[in-house]
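First comes the structure, then the notes that go with it.
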Number of protein chains: 2
Amino acid sequence: MGITERKERQRAELREHILQVARDMVMKEGFDALSMRKLAEAVEYAPATLYLHFENRDAIARELCVRGFQELFAALEPAARVVEPVERLSRMTEAYLGFGLKQPETYRLIFMEDARLSEALFQDAKQGAGPQSFGVLVRVFEDLEAAGRTPEGTAPARLAEVFWAGLHGIVSLKLTCSGFQGAPAEVLGQTLVTSLVRPAPPPAKPARRSR
Amino acid sequence: MGITERKERQRAELREHILQVARDMVMKEGFDALSMRKLAEAVEYAPATLYLHFENRDAIARELCVRGFQELFAALEPAARVVEPVERLSRMTEAYLGFGLKQPETYRLIFMEDARLSEALFQDAKQGAGPQSFGVLVRVFEDLEAAGRTPEGTAPARLAEVFWAGLHGIVSLKLTCSGFQGAPAEVLGQTLVTSLVRPAPPPAKPARRSR
DNA sequence: CCGTTCTGTGAACACCGTTCATTTATTGCT
DNA sequence: AGCAATAAATGAACGGTGTTCACAGAACGG
């Protein structure tokens, strides 16, 4: 009897469809322009029907928030694969800034709207998407520390946090303070990288047959 | 005939009163909770009366935004007086973070709501409150450069911008990503300072009567 | 005292999120 | 097949929002 199964699937599909349309609306006109009534109109249902699939507007926002965060994480993933830590940090910087500037409304939704939205990302201390991706960043600084390229006496986790704050600051100032025309985000990003990474020490263990 | 004069003054006073009450509401319940109707109720006028003094809600928001920015600038001023540049930067960091965390709703209004709000701050390239206070920050890095304590080959203005982004990132992540529990803002601030400031070079021109 | 100008307002418009009784469609069972 | 039960969908309403505008009232200049 695959009938309840089919109904469940259809229900899930509709839910997915609603989220997809909502995402489009947010990306096109911003989160504030996402109204339950217009969303209902767009998916061709009555407004009340949306409440059969989501508790309220905030529930939709939360879902879009965690999905947006996953997109951000995915955008970082290729850069995170790079072995050499300085290059990795540089590439991750590029990817982060690129995502934030190319998908401003998504970025706003994730990190700049309501504090309650991003709570879901960090509720599990170790598990959730938030800590997991922050871990990737911490690992860069651990590798940098191992290579002797971090300021001494500062824990990698703290450096990672400052670095993240720097990235977020660059993106969000570009998004909100559009009036302030400073250097391009990429330039600022590279400045941030070179500021947090110490110059390479003279090779104690030479790479190959030197000295 | 001081009659039109008095009327003007009363008009200005009412306008001021409205802004004051609006500011209180924002600081207490956040910008989203500021409604024209509740504001009208609070100042004991009909909603329509507000539109005799402000074009619309956004106009009030803009005004609160620039005033909030001036408060922030004022909070930074004592620290900006410090002569020694490293100490100055450290004190300014402390002041900036303190303001952002103690007046979260004001800070949100200035830098995290609508991009159109902060436009007023940076519309004049050299004059307005925005460029002026950014200039204070640039000066710190100019002084640091003169003392040979900045990374070489990076313009002070760019370092200042990265530094500001860092501060803003720290504050706004604390405000929006409350779920993420990292190090205290002050610690991150000091890490940011020590990351952007190079260690003191050995004294070429010794302080007094040596050599 | 009258006419004008400024101040203030009530009522309306068009939205918004959300709820709930009611209708409609679908399913399982006899 | 028809009927009861369950699920899906909705129309209408409630209370809220920003904003406009024709109108009333007060204050003023002559």
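Values below: all heavy atoms of this structure, side chains included; hydrogens, waters and symmetry mates excluded. Convention: sequence-line order gives letters A, B, ...; per-chain numbering from 1.
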Ring pair (Phe, Tyr, Trp, His ring centres under 6.0 Å) evaluation trace for B:Tyr107 with B:Phe111 = CA-CA 6 Å; B:Tyr107 193 88; B:Phe111 288 129; 5.2 Å; yes
Between A:Arg23 and A:Glu71, is the closest basic N to carboxylate O distance under 4.0 Å?
-> yes
A:Asn56 side chain to A:Ala59 backbone, donor-acceptor under 3.5 Å | yes
Provide, to the nearest angstrom, the distance between the CZ atom belonging to B:Arg11 and the P atom belonging to C:dC6.
-> 10 Å
Quick one: does B:Thr49's side chain have a donor or acceptor within less than 3.5 Å of a partner on B:Ala46's backbone?
-> yes
Taking only nitrogen or oxygen atoms into account, show me every contact under 3.5 Å that the protein makes with nucleotides 26-28 of chain D, one pair per line with its distance.
residue, atom, partner, partner atom, Å
D:dC28, OP1, B:Arg6, NH2, 2.5

Given atom CD of A:Gln10 and atom P of D:dA7, what is their separation to the nearest angstrom?
-> 15 Å
Hey, is B:Arg67 close enough to B:Glu63 for a salt bridge, meaning N to O under 4.0 Å?
-> yes
Between residues 27-59 of chain A and DNA chain C, which residues have a heavy-atom gap below 4.0 Å?
-> A:Leu34, A:Ser35, A:Met36, A:Arg37, A:Lys38, A:Ala48, A:Tyr51, A:Asn56, A:Arg57
Near B:Gln127 CD, under 6.0 Å, is it more than 12 heavy atoms from other residues, nucleotides or ligands?
-> no
Could you state the atom-to-atom distance from CG of B:Leu14 to C1' of C:dT7 in whole Å?
-> 10 Å
Centroid-centroid under 6.0 Å between A:Phe141 and A:Phe163 rings | yes
Atom CD of A:Gln10 with >12 non-hydrogen neighbours under 6.0 angstrom | yes
